[in-house]
Amino acid sequence: MNAVETEGLTKKYGDLTALDGLTLEVEEGELFGLLGPNGAGKSTAIEILTGQKKPTSGTARVMGADPVNDPVEARSRMGVLPEREDPPSFLTPREYFDFVADVRNVELNGKVEEWAERLGFEDKLDAISMDLSRGQKQKVMFAQAFAHEPELVFIDEPLTNLDPVVQERVKDFVVEYNEKGNTVFLSTHDITVAEEICSRVGIIQNGKLVAEKDVEAVKQDGSRLIDEFMDEVEA
């Protein structure tokens, strides 16, 4: 079974087409990267796949479930790290983890403290989120996506606002998580990140999937992903 399947997925806002007939398949166990410049449609795709938005047309399946018509089932099997989203300012990180667990109908089983220690915000677990730094908020958001150890995780621009040391730790963890058999669907505009950790990428431009690349095959051909990417977006 594929972890993610879309067919003709389209999202329009009036005359603006944010996503234009996206058709792709991501196999279980892949570390797939949706690569494209800002405004290409990456976040829109993830918002539909995670049940946050309804498509104008087309279909989507996530771990066999329809994220639009059966969001509870879909969300119980996924983790989500949205772009530019903070934990609610009036909750502590600990309270926010409890809220996320209720929404996804999952158990955290003592994982909160483990994740806080792993990412270095254990002393902030009971602080009001509005008092956290931007980097601390990003750590909380990253942790909530993985804390219930889902089969599939969607990550939208995962390294935003993190210092270089934490960025390397996050990349290493994402690879390790994938190597355990879990699926990771990563959206990024950073070609270096995609080249370092993804096994396959889809290149998206103006809402359309313009190419799919096997990262290792690109490297074995003596090319770099940045060259392949520029060839596609400039075509």
Side-chain angles (χ1 to χ4, degrees), residues 31-47 49-53 75 78-104 106-150 152-180 182 184-198:
L31 205 172
F32 178 82
L34 191 60
L35 174 64
N38 291 331
K42 304 185 302 297
S43 294
T44 300
I46 286 183
E47 287 167 345
L49 289 168
T50 55
Q52 299 174 68
K53 290 183 178 178
R75 288 172 185 166
M78 70 170 76
V80 185
L81 175 60
E83 184 185 20
R84 296 189 300 271
E85 186 168 319
D86 294 335
S89 60
F90 55 89
L91 296 180
T92 67
R94 192 186 303 277
E95 292 168 338
Y96 178 53
F97 283 122
D98 290 339
F99 169 76
V100 170
D102 288 343
V103 168
R104 294 182 184 152
V106 296
E107 298 290 336
L108 295 183
N109 298 322
K111 295 290 185 180
V112 174
E113 289 79 6
E114 177 183 326
W115 272 97
E117 183 176 355
R118 176 178 287 169
L119 291 176
F121 64 91
E122 63 270 29
D123 60 336
K124 302 295 183 181
L125 268 175
D126 297 302
I128 298 297
S129 292
M130 67 181 299
D131 294 333
L132 302 182
S133 69
R134 189 67 194 87
Q136 289 165 344
K137 291 175 182 177
Q138 181 71 359
K139 291 177 183 179
V140 172
M141 294 304 298
F142 185 87
Q144 62 79 32
F146 287 89
H148 60 297
E149 299 182 351
L152 167 65
V153 183
F154 291 95
I155 310 176
D156 198 355
E157 301 293 357
L159 305 183
T160 305
N161 299 308
L162 297 178
D163 65 65
V165 172
V166 177
Q167 286 186 13
E168 291 304 313
R169 193 181 306 166
V170 164
K171 286 188 288 186
D172 288 344
F173 174 78
V174 169
V175 171
E176 291 170 7
Y177 196 77
N178 170 250
E179 289 175 344
K180 293 178 181 179
N182 301 298
V184 179
F185 187 111
L186 182 149
S187 160
T188 183
H189 67 273
D190 191 327
I191 300 171
T192 302
V193 171
E195 191 168 54
E196 283 182 359
I197 70 175
C198 293

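How far CZ of Phe185 is from CG of Leu81: 13.5 Å, rounded to the nearest 0.5 Å. Going from atom CD of Glu114 over to atom CG of Leu119 covers 10.5 Å, rounded to the nearest 0.5 Å.
For the side-chain hydrogen bond (donor to acceptor under 3.5 Å, both in side chains) test, residues two or more places apart in sequence or in another chain that qualify with Glu196 are Lys171. With sequence neighbours left out, Lys53 forms a side-chain contact (heavy atoms from CB on, under 4.5 Å) with Tyr13, Glu47, Ile48. Residues that satisfy the side-chain contact (heavy atoms from CB on, under 4.5 Å) test with Val112, not counting sequence neighbours, are Phe97, Leu108, Leu125. For Ser129, the side-chain contact (heavy atoms from CB on, under 4.5 Å) partners at least two apart in sequence or on another chain are Pro87, Pro93, Leu132. With sequence neighbours left out, the side-chain hydrogen bond (donor to acceptor under 3.5 Å, both in side chains) criterion links Arg169 to no other residue. Legend: residues meeting salt bridge (Lys or Arg N to Asp or Glu O under 4.0 Å) with Asp123, ordered by chain and number and at least two apart, are absent.
In plain terms, the two heavy atoms of Ile155 and Val184 that are nearest each other are CD1-CG1, 3.7 Å. Smallest separation of non-hydrogen atoms from Glu149 and Tyr177: C-OH, 3.0 Å.
No salt bridge links Lys124 with Asp131; every basic N to acidic carboxylate O contact stays at or beyond 4.0 Å. Contact check on Lys180 versus Glu176 returns no salt bridge, with no Lys/Arg side-chain nitrogen under 4.0 Å from an Asp/Glu carboxylate oxygen.
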Item to check | Evaluation steps, side chain to side chain contact (heavy atoms under 4.5 Å, CB included), between His189 and Glu157 | outcome: CA-CA 8 Å; His189 67 273; Glu157 301 293 357; 2.9 Å; yes
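For the pair Lys42 (side chain) and Ser187 (backbone), a donor-acceptor distance under 3.5 Å is absent.
Taking a 6.0 Å sphere around CD of Glu113, one finds it holds more than 12 heavy atoms contributed by other residues, nucleotides or ligands.
Taking the six-membered ring where the residue is Trp, Tyr96 and Phe99 present parallel rings, their angle staying beneath 30° rather than reaching 60°.
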